[in-house]
Amino acid sequence: MSTLSDLLAEHTGLSGTAADHLQLVVAEWQLLSDLSFADFLMWVPIGPSEAPEDRFLCVAQARPTTAPTAHPEDVVGSEVTQDDHPQLRRAALEGRICREEDPRWHLGVPVRRETIPVKLGEEIVAVLSRDTNLAVPRVPSPLEISYLGSAADLCQMVADGTFPTPEPAPDVHTSPRVGDGLIRLDNSGTVVFASPNALSAYHRMGHAADLVGAQLAPLTRSLLNDPFDADEVSQRVRRAMGGEPSMRIEAEARGATVLFRALPLRPRGQSAGALVLVRDVTEVKRRDRALMSKDATIREIHHRVKNNLQTVAALLRLQSRRTGNNEARLALDESVRRVTSIALVHETLSMSVDERVDLDDVVDRVIPMMSDVAVAETGVKVSRGGKFGVVSAELATPLVMVLTELVQNAFEHAFPEGQGGEVVVQAERSARWLDVVISDDGRGLPKGFSLERAERLGLQIVRTLVESELRGSLSLRGRGHQRGTEAVLRVPLKYRR
């Protein structure tokens with residue numbers, strides 16, 4: 001499905017400023033939808049230049065969390081004409097909110113439609129359709145009356161071009177929503193309505209009485225622990241009364257953590273009080289702290305494992321120097337290389353916050369260590385191309401082990417003694433697979449070679465890791481018309497044990 005930006009770019013000639021404003025509307029309109037108990041659709045004119053209001057394209061859609069949807073189907077991308085939806089054209093031409101007298105039936109559901117022009121400066125850049133499902137009867141209540149009244153004020157501000165404002169940008173991921181808790185203030189800053197969840201949040205903060213009739217700014221200031229937070233929250237509420245919107249702010253009181261956001265209500269430029277959204281995030285913060293503590297513990301474990309592996313590598317290196325048997329020394333040196341490779345993975349994990357490893361970083365640290373030794377002893381150089389990307393911790397260790405073994409195998413067996421050459425590690429990543437080819441320009445595979453029957457320890461380790469840990473595939477083959485060998489590794493990225 002195309003995004004809002006894609007649809008606007010493909011079907012309209014709107015400026016970047018207008019497109020940015022529509023993005024702001026979409027970022028905020030879940031608030032409008034929930035307060036209205038209605039679906040919101042965004043329509044842009046796409047007719048011919050001489051009559052652009054003849055046809056409209058739906059470029060975005062929002063459904064309410066407070067009521068049944070009027071559009072269970074996806075409407076984005078559909079077109080209507082002025083005959084199908086005459087209110088769209090009226091709102092675009094007249095620049096005012098237009099209401100349909102009689103409900104229409106849509107997919108067997110009675111729907112009342114209203115249209116709201118989206119104004120930017122002196123220009124109408126889009127039209128919002130507010131579609132309410134009338135199949136479920138609603139009994140008027142203080143909550144519904146307050147919600148609908150607040151929605152009417154905000155929709156009028158959309159038509160006025162005063163909502164949403166470009167600054168500050170809304171934090172849609174963490175801002176409180178209507179269902180979290182809503183407080184309506186009159187022009188004096190007095191609470192005229194508080195939803196049950198908002199009242200519960202204030203009870204959690206230590207306010208035992210009802211909120212209706214209270215001056216919210218000084219009341220909130222008296223409840224908060226930190227003097228700076230108390231001043232900041234109360235000032236933001238007062239500034240909203242003066243017409244200035246605010247981003248969310250977090251504050252603590254008596255062990256409770258609450259998010260606040262204040263929005264001014266100024267339909268047709270006249271002050272109508274303010275909305276204050278509140279959300280009790282005490283349990284969320286507690287879980288976040290527990291996860292942070294767990295993450296820190298895991299990172300510390302990886303750090304200690306890395307230190308222990310480095311100690312093991314140092315002991316093996318010391319033993320290698322004291323060993324007179326050349327074959328034993330080579331075996332110990334290979335063990336040092338394998339332990340060091342695993343230690344590098346744990347070092348990376350000790351600095352990761354999500355148990356994922358940037359494999360390019362690890363490989364770029366392992367290969368130079370191997371290359372320095374290879375160049376000094378055999379004159380063989382190694383280079384890397386492509387991107388490995390980020391992989392999960394469960395894949396990182398066996399992957400690094402397999403890569404180092406295959407590169408080391410090329411160093412040791414691809415080139416005659418005293419003859420230099422080059423080993424190239426080439427990675428290619430897709431959504432599902434990581435493909436790695438390790439090629440050399442050496443003498444090629446011996447006649448009758450079989451990976452399954454290979455007795456070298458390094459290749460046995462590789463085969464075991466690829467089959468049991470990575471669930472991938474590995475093949476060794478000649479390079480066709482070129483000299484040398486290719487080791488072709490394919491690893492599924494979506495695999496989880």
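Basis for what follows: all heavy atoms, side chains included, without hydrogens, waters or symmetry-related copies.
- In this structure a side-chain-to-backbone donor-acceptor pair under 3.5 Å is missing from Ser33 to Phe40.
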Handout entry: Derivation of the side-chain hydrogen bond (donor to acceptor under 3.5 Å, both in side chains) call for Ser473 and Arg490
Key = CA-CA 5 Å; Ser473 63; Arg490 165 165 277 201; 5.8 Å; no
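- A pairwise comparison of heavy atoms in Val237 and Ala262 identifies CA-CB, 4.3 Å as the closest pair.
- Rounding to the nearest 0.5 angstrom, the gap separating the CE atom in Met42 from the CG atom in Leu4 is 6.0 Å.
- A salt bridge links Glu232 with Arg236: the closest approach of a Lys/Arg side-chain nitrogen to an acidic carboxylate oxygen falls below 4.0 angstrom.
- Under the 3.5 Å distance criterion, the side-chain polar atoms of Thr404 are matched with a main-chain donor or acceptor of Val400.
- Side chain of His207 to backbone of Ala209: a donor-acceptor contact under 3.5 angstrom is found.
- When each of Leu489, Val436, Val407, Leu474 is paired with Val402, the side-chain contact (heavy atoms from CB on, under 4.5 Å) condition holds for Leu489 and for no other.
- Looking at every heavy atom in both residues, Met241 comes nearest to Gly189 through CE-N, 3.5 Å.
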Practice task
Check the pair Lys119, Thr162 against side chain to side chain contact (heavy atoms under 4.5 Å, CB included), reporting the backbone distance first and the verdict last.
Solution key: CA-CA 8 Å; Lys119 191 174 183 182; Thr162 58; over 6 Å; no
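- Judged by distance alone, the side chain of Asp39 and the main-chain N or O of Ala70 form a donor-acceptor pair under 3.5 Å.
- When atom types are taken as modelled, the side chain of Ser200 and the backbone of Pro196 share a donor-acceptor pair closer than 3.5 angstrom.
- With Asp34 contributing its side chain and Pro64 its backbone, the two residues share no donor-acceptor pair below 3.5 Å.
- Minimum heavy-atom separation, Pro492 to Gly472: CD-CA, 3.9 Å.
- Listed here is the closest heavy atom pair of Val44 and Ala126: CG1-CB, 3.9 Å.
- The neighbour count for Arg63 CZ, taken as heavy atoms of other residues, nucleotides or ligands under 6.0 Å away, is above 12.
- By the neighbour-count criterion of 12 heavy atoms within 6.0 Å, atom CD of Glu283 is densely surrounded, having more than that number from other residues, nucleotides or ligands.
- Here the side chains of Arg248 and Pro176 are in contact, with some heavy-atom distance below 4.5 Å.
- Counting heavy atoms from C-beta outward, Trp43 and Leu57 have side chains that stay 4.5 Å or more apart.
- For the side-chain contact (heavy atoms from CB on, under 4.5 Å) criterion with Leu277, the lone passing option out of Asp180, Leu31, Ile183, Leu259 is Leu31.
- His106 is listed as a side-chain neighbour of Glu73, based on a closest heavy-atom distance under 4.5 Å.
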Problem - Stepwise side chain to side chain contact (heavy atoms under 4.5 Å, CB included) check, Val233 with Leu224 - result: CA-CA 9 Å; Val233 172; Leu224 299 179; 3.8 Å; yes
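- Arg268 is listed as a side-chain neighbour of Gln156, based on a closest heavy-atom distance under 4.5 Å.
- Arg177 and Gln30 share no side-chain donor-acceptor pair at under 3.5 Å.
- No side-chain heavy atom of Val281 sits less than 4.5 Å from a side-chain heavy atom of Val258.
- A distance of 4.0 Å separates OG in Ser271 from CG in Asn187, rounded to the nearest 0.5 Å.
- Looking only at side-chain heavy atoms (C-beta outward), Glu252 and Asp229 stay at 4.5 Å or farther from each other.
- A salt bridge links Asp153 to Arg184: one of the charged nitrogens lies within less than 4.0 Å of a carboxylate oxygen.
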Exercise for the section: Start with the C-alpha gap between Tyr202 and Thr220, add the side-chain angles, then the distance that decides, and say whether side chain to side chain contact (heavy atoms under 4.5 Å, CB included) holds. Expected result: CA-CA 8 Å; Tyr202 269 78; Thr220 305; 2.6 Å; yes
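- When atom types are taken as modelled, the side chain of Ser234 and the backbone of Asp231 share a donor-acceptor pair closer than 3.5 angstrom.
- Residues Arg96 and Arg90 meet the side-chain proximity criterion, which asks for heavy atoms closer than 4.5 Å.
- Of the possible donor and acceptor atoms, none in the side chain of Ser392 sits under 3.5 Å from a partner among the backbone N and O of Arg356.
- Nearest heavy atoms, Ala91 versus Val127: CB-CG1, 3.9 Å.
- For the atom pair Thr190 OG1 and Leu219 CG, the distance stands at 11.5 Å (nearest 0.5 Å).
- Side-chain contact between Val363 and Leu399 is absent, with no heavy-atom pair separated by less than 4.5 Å.
- Panel note: side chain Arg471, backbone Glu467; a donor-acceptor pair is recorded below 3.5 Å.
- No side-chain donor-acceptor contact under 3.5 Å links Glu79 and His11.
- The heavy-atom pair separating Gly386 from Asp360 by the smallest distance is O-OD1, 4.1 Å.
- Legend: ring pair (Phe, Tyr, Trp, His ring centres under 6.0 Å) pairs involving residues 118-164, not counting sequence neighbours, sorted by first then second residue: Phe37-Tyr147.
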Handout entry: Test log, rule side chain to side chain contact (heavy atoms under 4.5 Å, CB included), inputs Val111 and Trp105
Key = CA-CA 6 Å; Val111 176; Trp105 288 85; over 6 Å; no
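- How far CZ of Arg130 is from CG of Leu32: 8.5 Å, rounded to the nearest 0.5 Å.
- Side-chain atoms of Asp280 and Thr282 include a donor-acceptor pair closer than 3.5 Å.
- Of the N and O atoms on the side chains of Ser195 and Asn197, not one donor lies less than 3.5 Å from an acceptor on the other residue.
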Show me the donor-acceptor pairs within less than 3.5 Å that the side chains of residues 14-24 make with the rest of the protein, sequence neighbours left out.
{"from": "Ser15", "atom 1": "OG", "to": "Ala18", "atom 2": "N", "distance (Å)": "3.2"}
{"from": "Gln23", "atom 1": "NE2", "to": "Ser5", "atom 2": "OG", "distance (Å)": "2.7"}

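- In this structure, OG1 on Thr132 lies 6.5 Å from CG on Leu134, to the nearest 0.5 angstrom.
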Exercise for the section: Apply side-chain hydrogen bond (donor to acceptor under 3.5 Å, both in side chains) to Ser129 and Asp131, showing your working. Expected result: CA-CA 6 Å; Ser129 173; Asp131 298 359; 2.6 Å; yes
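- Atom CG of Leu154 is separated from atom CG of Leu35 by 6.5 Å, given to the nearest 0.5 angstrom.
- Proximity of a side-chain donor or acceptor of Arg261 to a complementary backbone N or O of Leu263 within less than 3.5 Å is not detected.
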